[in-house]
Every structure is written in structure tokens, then in C-alpha cells.
K.L.:
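My structure is below; once you've seen it, I'll send some questions.
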Amino acid sequence: YVYGAASPSVGFDCSGLVTYVYKKYNGFTFKCRTSLYLDGTRIKYAELQPGDLVFFDTVGRGGITHVGIYVGNGQMIHAPNSRVKIVSMQPGTYYYRTYKGARRVL
């Protein structure tokens with residue numbers, strides 16, 4: 001994990017991972033990192049599909065503090081700390097409790 005980083009050679013933070021994956025695999029470039037939550041169509045939790053961006057308030061202040069990419073089966077890939085991980089965001093989990101919304105960009 002490297003704050004502000006967006007490459008495998010240097011490391012990633014959560015938004016850096018998202019911007020890297022979207023550019024590398026879809027050719028999509030976000031205007032800026034804050035536009036991650038503004039771009040695309042708002043999606044309900046029950047409508048999530050692989051590739052949707054999922055957003056969280058991990059500090060409990062009402063804002064968006066974390067982002068990942070939904071991979072299906074109630075899971076997301078994200079960069080929370082020292083490595084990229086796939087974790088559950090199903091009911092009863094930390095990421096379900098801190099979930100704030102989702103966007104479909106592609």
C-alpha cells in the first residue's frame with residue numbers, strides 16, 4: 001500500500017488500484033480521483049455486477065473514504081493496506097456495514 005500510488009511497480013492505494021485497473025483493462029480514464037464517485041450510474045446493492053465501483057465510509061463520518069471493484073458473489077477487490085485483496089461485502093461483514101453506494105461506469 002502506497003498512498004497516492006497507482007502502479008504495480010510502486011504500489012496502490014484504493015483509488016489508485018481502481019484507476020489503474022479501469023485504464024489497463026478497459027481503456028477508461030477518470031478525470032480525477034474524486035470523479036470516481038461522480039462518474040457513471042448509481043447502482044443499488046442488489047443490482048451489483050462485476051466491474052461496478054463500490055464505495056465505503058470506513059471512518060464513520062458520512063463521507064466516502066474507500067473504494068473497490070465488485071467482482072461478483074458478494075465480493076470486491078481493493079487495496080486496503082499492504083496488498084491487494086478480495087474480501088466479502090455480504091450482510092454481516094465490515095464492508096457491508098460501511099457500504100455507502102455503487103456506480104457503474106462501463
K.L.:
Tell me, please, which residues at least two apart from R97 pass side chain to side chain donor-acceptor pair (under 3.5 Å).
P.N.:
none
K.L.:
With clusters defined by side-chain heavy atoms of hydrophobic residues (ILVMFWY) lying less than 4.5 Å apart, directly or transitively, does Y94 cluster with I86?
P.N.:
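Different clusters: I86 never reaches Y94 through Ile, Leu, Val, Met, Phe, Trp or Tyr contacts under 4.5 Å.
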K.L.:
Flag yes if Y95 and V21 sit in one hydrophobic cluster, no otherwise; membership is Ile, Leu, Val, Met, Phe, Trp, Tyr, and two members link when side-chain heavy atoms are under 4.5 Å apart.
P.N.:
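Different clusters: Y95 never reaches V21 through Ile, Leu, Val, Met, Phe, Trp or Tyr contacts under 4.5 Å.
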K.L.:
How far apart are the closest heavy atoms of P80 and K85, and which atoms are they?
P.N.:
CG-CD, 4.0 Å
K.L.:
I want to check something: taking the side chain as every heavy atom from C-beta on, are T29 and Y22 in contact at a cut-off of under 4.5 Å?
P.N.:
no
K.L.:
Please find the pair of heavy atoms, one from D57 and one from G63, that lie closest to each other, and give the distance.
P.N.:
CB-O, 3.0 Å
K.L.:
I'd like to know whether the aromatic ring centres of H78 and F56 sit less than 6.0 Å apart in this structure.
P.N.:
no
K.L.:
Side chains of T98 and T58 only: does a donor on one sit below 3.5 Å from an acceptor on the other?
P.N.:
no
K.L.:
Find the distance between CG (N26) and CG (L106) and round it off to the nearest 0.5 Å.
P.N.:
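Spacing of CG (N26) from CG (L106) equals 4.5 Å.
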K.L.:
With a 4.5 Å limit on heavy-atom distance, are the side chains of Q75 and M89 in contact?
P.N.:
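The answer is no; the side chains never approach within 4.5 Å.
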K.L.:
Which pair of heavy atoms, one from V67 and one from C14, lies closest together, and at what distance?
P.N.:
O-CB, 3.4 Å
K.L.:
Does the D52 side chain pair with the main chain of Q49, one donor and one acceptor, at a distance under 3.5 Å?
P.N.:
yes
K.L.:
With the side chain counted from C-beta on, respond yes when Y70 and I43 share a heavy-atom pair under 4.5 Å apart, and no when they do not.
P.N.:
no
K.L.:
Side-chain contact, heavy-atom cut-off 4.5 Å: Y20 with S15?
P.N.:
no
K.L.:
Ring centres of Y96 and Y45 under 6.0 Å apart?
P.N.:
yes
K.L.:
When rounded to the nearest 0.5 angstrom, what distance separates OH in Y99 from CG in L48?
P.N.:
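Y99 OH to L48 CG: 4.5 Å, rounded to 0.5 Å.
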K.L.:
Taking C-beta and beyond as the side chain, do F55 and H66 meet within less than 4.5 Å on heavy atoms?
P.N.:
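No - every pair of side-chain heavy atoms lies 4.5 Å or more apart.
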K.L.:
Ignoring hydrogens, what is the shortest heavy-atom contact between Q90 and N73? Give both atom names and the distance.
P.N.:
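That closest heavy-atom pairing would be NE2-O, 2.9 Å.
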K.L.:
Look at the side-chain heavy atoms of Ile, Leu, Val, Met, Phe, Trp and Tyr, link any pair under 4.5 Å apart, and say whether Y25 and V105 land in one connected group.
P.N.:
yes
K.L.:
Kindly give the heavy-atom pair with the smallest separation between F12 and V84, and that separation in Å.
P.N.:
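It is CD1-CG2, 4.1 Å.
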K.L.:
Measuring only between side-chain heavy atoms, which start at C-beta, is V18 closer than 4.5 Å to L53?
P.N.:
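Yes, at least one pair of side-chain atoms sits under 4.5 Å.
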